[in-house]
Amino acid sequence: MEGIIMAVWTFWVTLLVGVLVTPYMLRYLQKVRLYNRYQEDRKKTIYGTEAVEFNKIREQEEKTVKQSPVVRSGGLLFLPTVVIVGLSLAHYLTSPVILITILGIALVSLVALYDDFIDMGIIRRRRVTIAKRLLLLGVAALVVGVALCTVVPNSITFLPFWIFAQVQLGILFPVLFAGWFLFWQLSSVIDGIDGLSGSVFLVLFIGTAFVSVMQQQMDALVLSALAVGVVVSWLFVNHAPARAYLTEVGMTIFIMLFSVITFLLGVGGSPKGGLWIGVVFGFILIVTWVSNILQLLYRRQTGRRLFRIAPIHHHFEAIGVPGPAVVSWYMLVTMLCVAIGLSLLVV
């Protein structure tokens, strides 16, 4: 009961701070014109050619919906909220796990911000390749994993079967966490339709909060409540039409929170836990990056495209499904996946 009360307070405090801080940060980023500074803000494919279908959709959207430039690096809008509330919680609860998580978020945010600044032309360097970006983020996540392994149980459950339960990791603990984080980081491409990523993560974090209550995991519960408060404040300020894009900074913050929370739900050999929970809950995130890989492999084999645009949520846009409808579909599918995961935990 004490954990639930703490989670409720965490949510409301985070929401209040977020609603106060986020609009101020938005005005500041608009003032310094944190937009894409390249002469041509036109998306390109992985092959370096112009993404014709995608650019058509965005040009039409800008003509009919978005009347002013949209701020980039939207994660900077709520990063202060995460840090302020997170560090306060870590101090109040004397929780090294929450402290490590917040410091880890700050670390990966610096890597993501560097990539965003290059993309916007603020830093005049060659754009970071996907492989290099994942390598840098992987090193940062490895540091977080090393810190976590000193304060949480070393055993972890992969699947709800005895052979996969309470596996002792030893020195592989940080490596597994880094791999777990990168697994979800691949889904950062879901940030492409106004409100899509925020709506999906809102459902995911509510789901992890329920599991945390079932496991009586205070740290995971408080982090879930913090994440829900951040996402709600983000959606309040940034509902469609978007005034800021999450880009790498924002997505990396959400993904680090999701990675840590779902990892905590798997450690310690809890009978109601395991990394499989994150996989079931985050099915739609997996579908997002898998559709990218399928598009790439299919084109290499046949010379044709499997989807009009990849990832698949843009394919739906290209065939005429309105963005808000895609957001609703994704949110409903995520709710269904969370319901399936919770049902499997109960039975």
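Side chains are part of it too, since the values below use all heavy atoms of this structure and drop only hydrogens, waters and symmetry mates.
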- Task: Check the pair Val232, Thr14 against side-chain contact (heavy atoms from CB on, under 4.5 Å), reporting the backbone distance first and the verdict last.
- Result: CA-CA 9 Å; Val232 171; Thr14 305; over 6 Å; no
- side-chain contact (heavy atoms from CB on, under 4.5 Å) between Ile190 and Tyr330, intermediate numbers included: CA-CA 10 Å; Ile190 198 173; Tyr330 270 59; 4.2 Å; yes
- Task: Determine, stepwise, if the pair Leu76 / Val71 fulfils side-chain contact (heavy atoms from CB on, under 4.5 Å).
- Result: CA-CA 10 Å; Leu76 293 176; Val71 167; over 6 Å; no
- So Val17 and Val13, side-chain contact (heavy atoms from CB on, under 4.5 Å) or not? Walk me through it. CA-CA 6 Å; Val17 174; Val13 170; 4.3 Å; yes
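Side-chain atoms of Ile102 and Leu226, non-hydrogen and from C-beta on, do get closer than 4.5 Å to each other. Two residues are said to be in side-chain contact when any heavy atoms from C-beta on lie closer than 4.5 Å; Val260 and Phe177 meet this criterion. A 4.5 Å side-chain heavy-atom check between Leu264 and Leu223 finds at least one atom pair inside the cut-off. Side chains of Ser73 and Leu29 form no contact here, defined as non-hydrogen atoms less than 4.5 Å apart. With a 4.5 Å cut-off on side-chain heavy atoms, Leu186 and Leu182 do not count as touching. Two residues are said to be in side-chain contact when any heavy atoms from C-beta on lie closer than 4.5 Å; Leu221 and Met6 fail this criterion. Inter-residue side-chain proximity for Val249 and Phe117 is flagged as unmet; no heavy-atom pair is nearer than 4.5 Å. Leu89 has its side chain out of reach of Ser95: every pair of non-hydrogen atoms, C-beta onward, lies at least 4.5 Å apart.
A donor-acceptor pair under 3.5 Å links the side-chain atoms of Gln215 to the main chain of Leu265, judged by distance alone. With hydrogens and angles ignored, the 3.5 Å screen pairs no side-chain donor or acceptor of Gln185 with any backbone N or O of Leu137. Looking at Thr157, its side chain never comes within 3.5 Å of a backbone N or O of Gly274 through a donor-acceptor pair. With hydrogens and angles disregarded, a donor-acceptor distance shorter than 3.5 Å links the side chain of Gln295 to the backbone of Phe307.
Remark: Leu176 CG to Cys149 SG distance equals 11.5 Å, nearest 0.5 Å. Interatomic distance, CZ of Phe205 versus CZ of Phe254, reported as 7.0 Å (0.5 Å rounding). From Leu103, atom CG reaches atom CG of Leu87 across 6.5 Å, with rounding to the nearest 0.5 Å. To the nearest 0.5 Å, atom OG1 of residue Thr208 and atom CG of residue Leu257 are 9.5 Å apart. Taking CG of Leu342 as the reference point, atom CZ of Phe210 lies at 7.5 Å (rounded to 0.5 Å). To the nearest 0.5 angstrom, Ile206 atom CD1 is 8.5 Å from Met335 atom CE.
The heavy-atom pair separating Trp234 from Tyr245 by the smallest distance is CH2-C, 4.3 Å. For the residue pair Thr252 and Ala112, the shortest heavy atom distance occurs at OG1-CB, 3.7 Å. The two residues Gly18 and Thr81 come nearest to each other via the heavy atoms CA-OG1, 3.5 Å. Nearest heavy atoms, Val19 versus Pro23: O-CD, 2.9 Å. Here the closest non-hydrogen pair linking Arg305 and Arg308 is NH1-O, 3.0 Å. Residues Ser291 and Pro311 share a closest heavy-atom pair of OG-CA, 3.4 Å.
Under the 4.5 Å side-chain heavy-atom criterion for ILVMFWY residues, no single connected hydrophobic cluster contains both Ile156 and Val146. The hydrophobic cluster containing Leu148 does not contain Val175, counting ILVMFWY residues as joined when their side-chain heavy atoms lie under 4.5 angstrom apart, directly or transitively. Residues Leu20 and Val230 do not share a hydrophobic cluster, defined by chaining ILVMFWY side chains whose heavy atoms lie under 4.5 Å apart. Hydrophobic clustering (side-chain heavy atoms under 4.5 Å, transitive across Ile, Leu, Val, Met, Phe, Trp, Tyr) keeps Leu107 apart from Phe173. Neither Val267 nor Val143 shares a network with the other; the hydrophobic side chains, linked directly or stepwise wherever heavy atoms of I, L, V, M, F, W or Y lie under 4.5 Å apart, form separate groups for each.
Counted within 6.0 Å of CD1 on Ile171, heavy atoms from surrounding residues, nucleotides or ligands total 12 or fewer; the atom is thus considered open. More than 12 heavy atoms of other shown residues, nucleotides or ligands fall within 6.0 angstrom of atom OH in Tyr298.
Under 3.5 Å, the side chains of Thr262 and Trp180 contain a donor-acceptor pair of N or O atoms.
Members clustered with Leu110: none, using a 4.5 Å side-chain heavy-atom cutoff among hydrophobic residues.
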Donor-acceptor contacts, no H, no angles, side chain residues 275-289, under 3.5 Å, sequence neighbours left out:
| residue | atom | partner | partner atom | Å |
| --- | --- | --- | --- | --- |
| Trp276 | NE1 | Gly273 | O | 3.2 |
| Thr288 | OG1 | Ile284 | O | 2.9 |

